[in-house]
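Notes follow once the structure below has been shown.
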Amino acid sequence: MHIQFSQSRPQGARLIAHVVDKGKLPAATNAAMRAGAQAARFKGNAGQTFDGFVEEAGEVARLALAGAGDRNDEARFANLEKAGAALAGKYQSSGDKNLVLDLSESDLSAVEVAHVLLGLRLRNWRYDVYRTKMKDDQKITLEGVTVVGAPHGMEATWADGAALAEGVEFTRELVTEPANILYPESFVERCQERFEGTGAELIVLDEAEMEKLGMGSLLGVGQGSSRDSRILAIRWNGGGSEAPIAFVGKGVTFDTGGISIKPGPGMEDMKWDMGGAGAVAGGMLALVKRKAKANVVGVMGLVENMPDGNAQRPGDVVKSMSGQTIEILNTDAEGRLVLADALHWTQVEFKPSRIVDFATLTGAIIVSLGHEYAGLFSNDDKLSKDLAEAGEAVGDKVWRMPLDKAYDKLIDSPIADMKNIGGKGAGSITAAQFLQRFIADGTPWAHIDIAGMAWSEKQGRTWDKGATGYGVRLIDRLVADTAES
Ligand code: BES
Ligand code: MN
Ligand code: ZN
């Protein structure tokens with residue numbers, strides 16, 4: 001979506017929008033509009049909309065009002081995003097190509113306007129590339145927004161917003177792509193295209209290199225697939241000489257469960273089992289596009305988990321790069337196996353100051369937290385607090401769950417150093433305990449289980465049904481608040 005700034009309203013504008021604080025209709029509304037708004041009980045609540053038609057200088061235009069709620073509401077930014085998103089939702093397929101956001105009567109700050117635009121752009125995103133027979137009135141027509149009367153400093157402020165939107169959109173694209181299109185190699189290629197010319201460094205490990213490094217845990221997951229596995233690292237050095245902050249993502253481009261195969265109904269959801277890697281890729285893109293003043297590395301473990309004559313079996317024992325051995329009791333508990341080697345390699349290769357991993361790791365986290373909070377597991381109170389605050393600020397919320405030695409015993413194995421599943425209860429915690437065994441003592445680390453967050457069955461604040469882009473804003477904000485001066 002194209003967003004531009006202008007001093008005056010473009011000629012022939014047909015759709016003109018105002019952001020309305022609760023109880024404050026703009027003077028541009030005529031008596032009929034005001035009566036209509038009242039009859040429709042439009043008050044300017046966040047996300048509420050109302051429209052009517054006005055005649056000015058012989059031309060008729062559609063005047064849209066988007067409510068932003070009370071201006072002293074503590075959720076002000078989220079409310080402004082809702083206002084923008086409501087406009088996109090309502091006029092996306094209206095036939096209008098351009099929306100004029102008229103701020104001439106508004107006293108919104110540049111940062112506030114940027115939230116409106118972010119909501120507009122994010123909510124307008126849809127991935128229609130595989131739809132060849134869509135009727136004209138279903139197609140997205142809204143292509144651009146012209147902001148008239150923007151406050152001082154708007155373009156510079158929006159540049160950061162646009163970078164963030166690009167990151168979120170990239171994550172959604174990766175998460176939405178089906179697994180016949182997006183597999184480890186094509187995931188890497190898509191990133192290579194997107195990061196071309198940005199100044200980020202991309203490092204790719206193929207299977208031969210991973211074998212040399214001893215990544216038996218990750219490679220075991222991919223061995224039943226005809227698609228080769230990969231590790232992708234995206235490195236951005238925007239800071240001084242400090243150790244980087246590392247983000248690590250689970251990138252299972254399709255999870256059938258392997259030999260411990262999943263039931264058929266709903267298995268198509270497992271195309272988004274690379275949502276952690278998708279969040280890391282999009283988060284890195286947002287940081288790189290706004291030239292974040294920090295050293296950051298994003299590492300993605302990319303594999304496809306398939307059943308096959310060559311697939312690993314329940315009972316197999318594999319050796320991870322860390323040297324620790326793992327008894328595979330369920331080939332569907334594969335995400336932790338991928339992360340084990342990705343996390344270890346990240347520490348050896350980049351010596352990060354702290355690590356945050358994102359993974360659609362367990363169905364159990366959905367039982368615990370549903371689709372409102374991701375599960376946060378961490379060995380470090382400061383990092384936990386930073387993540388919780390960043391998440392609260394941007395809407396990618398996390399809720400801390402426990403780690404404890406007592407749970408750790410549940411993954412001891414009689415034949416190897418550990419097994420890849422725990423007992424009946426605490427499935428998300430035993431998965432996190434497993435990951436912790438691959439984190440060196442003293443390294444601040446957090447694991448974020450996003451199984452309930454990467455995909456949504458219903459539309460939300462700034463997304464339609466489907467890929468949410470969860471994690472990108474959390475990454476961006478954590479870096480801004482804790483790694484940039
Ligand atoms: N990718 C799944 C977890 C998942 C489930 C993500 C639903 C998103 C929605 C993961 O690989 C998995 O299969 N986990 C198993 C672990 C079990 C075998 C210990 C699960 O959650 O059932
Ligand atoms: Mn699985
Ligand atoms: Zn999985």
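Read the numbers this way: they start at 1 and go in the same order the structure lists the ligands and their atoms.
Note on ligand 1: V252 sits outside its first shell, no heavy atom being nearer than 4.0 Å. Ligand 1 does not have W455 within reach: every non-hydrogen atom of the residue lies 4.0 Å or more from it. Under the 4.0 angstrom criterion for non-hydrogen atoms, D269 is not in contact with ligand 1.
The option from G276, G363, G335 that lies nearest to atom 20 (C) of ligand 1, judged by heavy atoms, is G363. Of the listed residues (M274, E334, M270), the one carrying the non-hydrogen atom nearest atom 11 (O) of ligand 1 is E334.
Checked by atom type, the side-chain pair N295/E242 shows no donor-acceptor distance below 3.5 Å. Judged purely by distance below 3.5 Å, without hydrogens or angles, the side chains of Q138 and R131 never pair a donor atom with an acceptor atom.
A side-chain hydrogen bond (donor to acceptor under 3.5 Å, both in side chains) with R354 holds for exactly one of D380, T482, T443, D386; it is T482.
Its N, O or S atom nearest to the Mn ion (ligand 2) is what matters here, and for E334 that atom is OE1. Shortest distance from the Mn ion (ligand 2) to D255 is reached at OD2 (N/O/S atoms only).
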For a quick test of your reading: what N or O donor-acceptor pairs under 3.5 Å do the side chains of residues 199-207 make, sequence neighbours left out?
{"residue": "D206", "atom": "OD1", "partner": "A208", "partner atom": "N", "Å": "3.2"}
{"residue": "D206", "atom": "OD1", "partner": "E209", "partner atom": "N", "Å": "3.0"}
{"residue": "E207", "atom": "OE2", "partner": "S229", "partner atom": "N", "Å": "2.8"}

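Using the six-membered ring where Trp is involved, F170 and F195 have ring planes that are perpendicular, over 60° apart on the 30 and 60° scheme. Ring planes of W125 and Y127: parallel class, angle under 30° (limits at 30 and 60°). Ring-plane geometry between F350 and W345 is classed as perpendicular, the angle between the planes exceeding 60 degrees on a 0 to 90 degree scale with a lower cut at 30.
The minimum heavy-atom distance between A246 and T346, with the atom names listed, is CB-CG2, 3.6 Å.
Inside a 4.0 Å radius of atom 1 (N) of ligand 1 there is at least one protein heavy atom.
Taking the ring centre of Y373 as origin, the terminal cationic atom of K397 falls inside the region bounded by 6.0 Å and 45° from the ring axis.
For the Zn ion (ligand 3), the tally of protein N/O/S atoms lying closer than 2.8 Å stands at 4.
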